[in-house]
Q: 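Below is one structure. I have some questions about it.
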Amino acid sequence: WAKEGMRIAFDFSFGDIMSDSEMASVLNQVKHAYGLNLQSPAPFHMYFVGINTKNMQSRLDKTYGYSNWAVEKEEKSYLDIFNPADIIYLTPDSPHILETLDKSKVYIIGALSDSNRAKNTSYNKASCEGIATAKPP
């Protein structure tokens with residue numbers, strides 16, 4: 001896998017606040033992102049972090065081929081894995097627009113349904129943790 005590629009992590013810690021249909025939607029989006037990453041000429045080094053609920057773990061385990069995915073899978077939070085100064089949480093609610101990618105940074109994406117009900121959830125989480133945020137262009 002892309003051990004030397006830029007680092008991106010999906011934060012699965014929102015499993016407790018999503019409905020079953022929202023979880024299914026998130027997993028479809030993650031599968032799509034994983035497939036695109038496999039086809040990329042410069043793939044990201046992918047992490048799945050914060051897989052801390054049985055429901056989320058069970059859904060991931062039932063995803064076709066998941067056990068063979070070239071992804072680092074962790075129950076721990078991204079704060080326990082990466083240096084907080086190196087983290088940028090990508091969220092549509094950030095006032096800062098991401099203009100360039102920095103290979104020294106780890107980009108976190110909240111594995112969260114982007115419904116209006118969850119507006120500001122990932123942004124508020126990152127802000128409370130003192131993590132830098134950015135909005136994808």
Q: Restricting to side-chain contact (heavy atoms from CB on, under 4.5 Å), what partner residues turn up for Asp16, sequence neighbours left out?
A: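 Listed in chain order: Thr53.
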Q: Are any of the side-chain heavy atoms of Met46 and Trp69 separated by less than 4.5 Å?
A: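 Answer no - side chains too far apart.
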Q: Is a side-chain donor or acceptor of Lys31 paired with a backbone partner of Val26 at a separation under 3.5 angstrom?
A: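 Checking the backbone N and O of Val26 against the side chain of Lys31, no donor-acceptor pair under 3.5 Å is found.
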Q: Judged by atom type as modelled, is there a donor-acceptor pair below 3.5 Å linking the side chain of Ser25 to the main-chain atoms of Ser21?
A: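 Here the side-chain-to-backbone pair does not exist.
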Q: Does the side-chain contact (heavy atoms from CB on, under 4.5 Å) test come out yes or no for Arg7 and Phe82, once each step is laid out?
A: CA-CA 10 Å; Arg7 299 172 293 168; Phe82 308 111; 4.0 Å; yes
Q: Can you give me the closest heavy-atom contact between Ile87 and Ala132, atom names plus distance?
A: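 For Ile87 versus Ala132, the nearest heavy atoms are O-CB, 3.8 Å.
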Q: Hey, are the side chains of Ile131 and Pro84 touching, using non-hydrogen atoms and a 4.5 Å cut-off?
A: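 Yes; the side chains approach each other to less than 4.5 Å.
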Q: State, to 0.1 Å, how close Met23 and Arg59 come at their nearest heavy-atom pair, and which atoms those are.
A: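 That would be SD-CD, 3.4 Å.
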Q: Who pairs with Pro136 by side-chain contact (heavy atoms from CB on, under 4.5 Å), at least two apart in sequence or on another chain?
A: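 Once residues adjacent in sequence are excluded, the partners of Pro136 under the side-chain contact (heavy atoms from CB on, under 4.5 Å) criterion are Leu90.
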Q: Any heavy-atom pair between the side chains of Leu60 and Ile51 that's under 4.5 Å?
A: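 They are in side-chain contact.
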Q: For Asn68, check side-chain contact (heavy atoms from CB on, under 4.5 Å) against everything at least two apart and list the hits.
A: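 Per chain and number, Asn68 pairs via side-chain contact (heavy atoms from CB on, under 4.5 Å) with no residue.
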Q: In Å and rounded to the nearest 0.5 Å, what is the OG to CG distance from Ser104 to Asp86?
A: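 Between atom OG of Ser104 and atom CG of Asp86 there are 6.0 Å.
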Q: Taking ring-ring contact (aromatic ring centres under 6.0 Å, His included) as the test, write out the residues that go with Phe10, two or more places apart.
A: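 Counting only residues at least two positions away or on another chain, Phe10 forms a ring-ring contact (aromatic ring centres under 6.0 Å, His included) with Phe48.
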Q: Decide yes or no for Ser77 and Val49: does some side-chain heavy atom of the first lie under 4.5 Å from some side-chain heavy atom of the second?
A: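 In short, these two side chains do not touch, never coming nearer than 4.5 Å.
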Q: With sequence neighbours excluded, tell me which residues meet side chain to side chain donor-acceptor pair (under 3.5 Å) with Ser13.
A: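 Expected list: Asp11, Lys125.
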Q: Write down the atom of Pro92, the atom of Lys135, and the distance for their closest heavy-atom approach.
A: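 Shortest heavy-atom separation between Pro92 and Lys135 comes out as O-CE, 3.1 Å.
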Q: Report yes if the side chains of Leu101 and Tyr107 come closer than 4.5 Å at any heavy-atom pair, otherwise no.
A: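 Yes; the side chains approach each other to less than 4.5 Å.
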Q: Dump the intermediate steps for ring pair (Phe, Tyr, Trp, His ring centres under 6.0 Å) on Tyr47 and Tyr78, then the final yes or no.
A: CA-CA 9 Å; Tyr47 299 80; Tyr78 51 85; over 10 Å; no
Q: What are the two closest non-hydrogen atoms of Ala70 and Tyr34, and how far apart are they?
A: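 Heavy atoms of Ala70 and Tyr34 come nearest at N-OH, 2.9 Å.
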Q: Show every salt bridge (charged side-chain N to carboxylate O under 4.0 Å, His left out) that has at least one partner inside residues 73-84, sequence neighbours left out.
A: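 Matches after skipping sequence neighbours: none remain.
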Q: Looking at Glu72 and His45, what are the two nearest heavy atoms and their distance?
A: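 Taking Glu72 first and His45 second, the nearest heavy atoms are OE2-NE2, 2.7 Å.
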Q: Atom CD of Gln29 and atom CG of Leu27: how far apart are they, to the nearest 0.5 Å?
A: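 Result: 9.5 Å between the selected atoms.
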Q: Using every non-hydrogen atom in the two residues, find where Gly110 and Tyr89 come nearest and quote the distance to one decimal.
A: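 Shortest heavy-atom separation between Gly110 and Tyr89 comes out as CA-OH, 3.2 Å.
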Q: Mind checking the CZ-CD1 spacing from Phe44 to Ile8? Nearest 0.5 Å is all I need.
A: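 Separation between the atoms: 5.0 Å.
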Q: Find the distance between CD1 (Ile81) and CG (Leu79) and round it off to the nearest 0.5 Å.
A: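 The CG atom of Leu79 is 9.0 Å from CD1 of Ile81, to the nearest 0.5 Å.
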Q: Is there a path of hydrophobic side-chain contacts, each under 4.5 Å between heavy atoms of I, L, V, M, F, W or Y residues, that connects Leu36 with Ile108?
A: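 No, no single cluster joins them.
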Q: Going through the distances and angles, do Thr121 and Leu112 end up as a side-chain contact (heavy atoms from CB on, under 4.5 Å)?
A: CA-CA 9 Å; Thr121 302; Leu112 174 69; 3.7 Å; yes
Q: So, do Ile88 and Thr133 sit near enough that their side-chain heavy atoms are less than 4.5 Å apart?
A: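 Ile88 vs Thr133: side chains apart.
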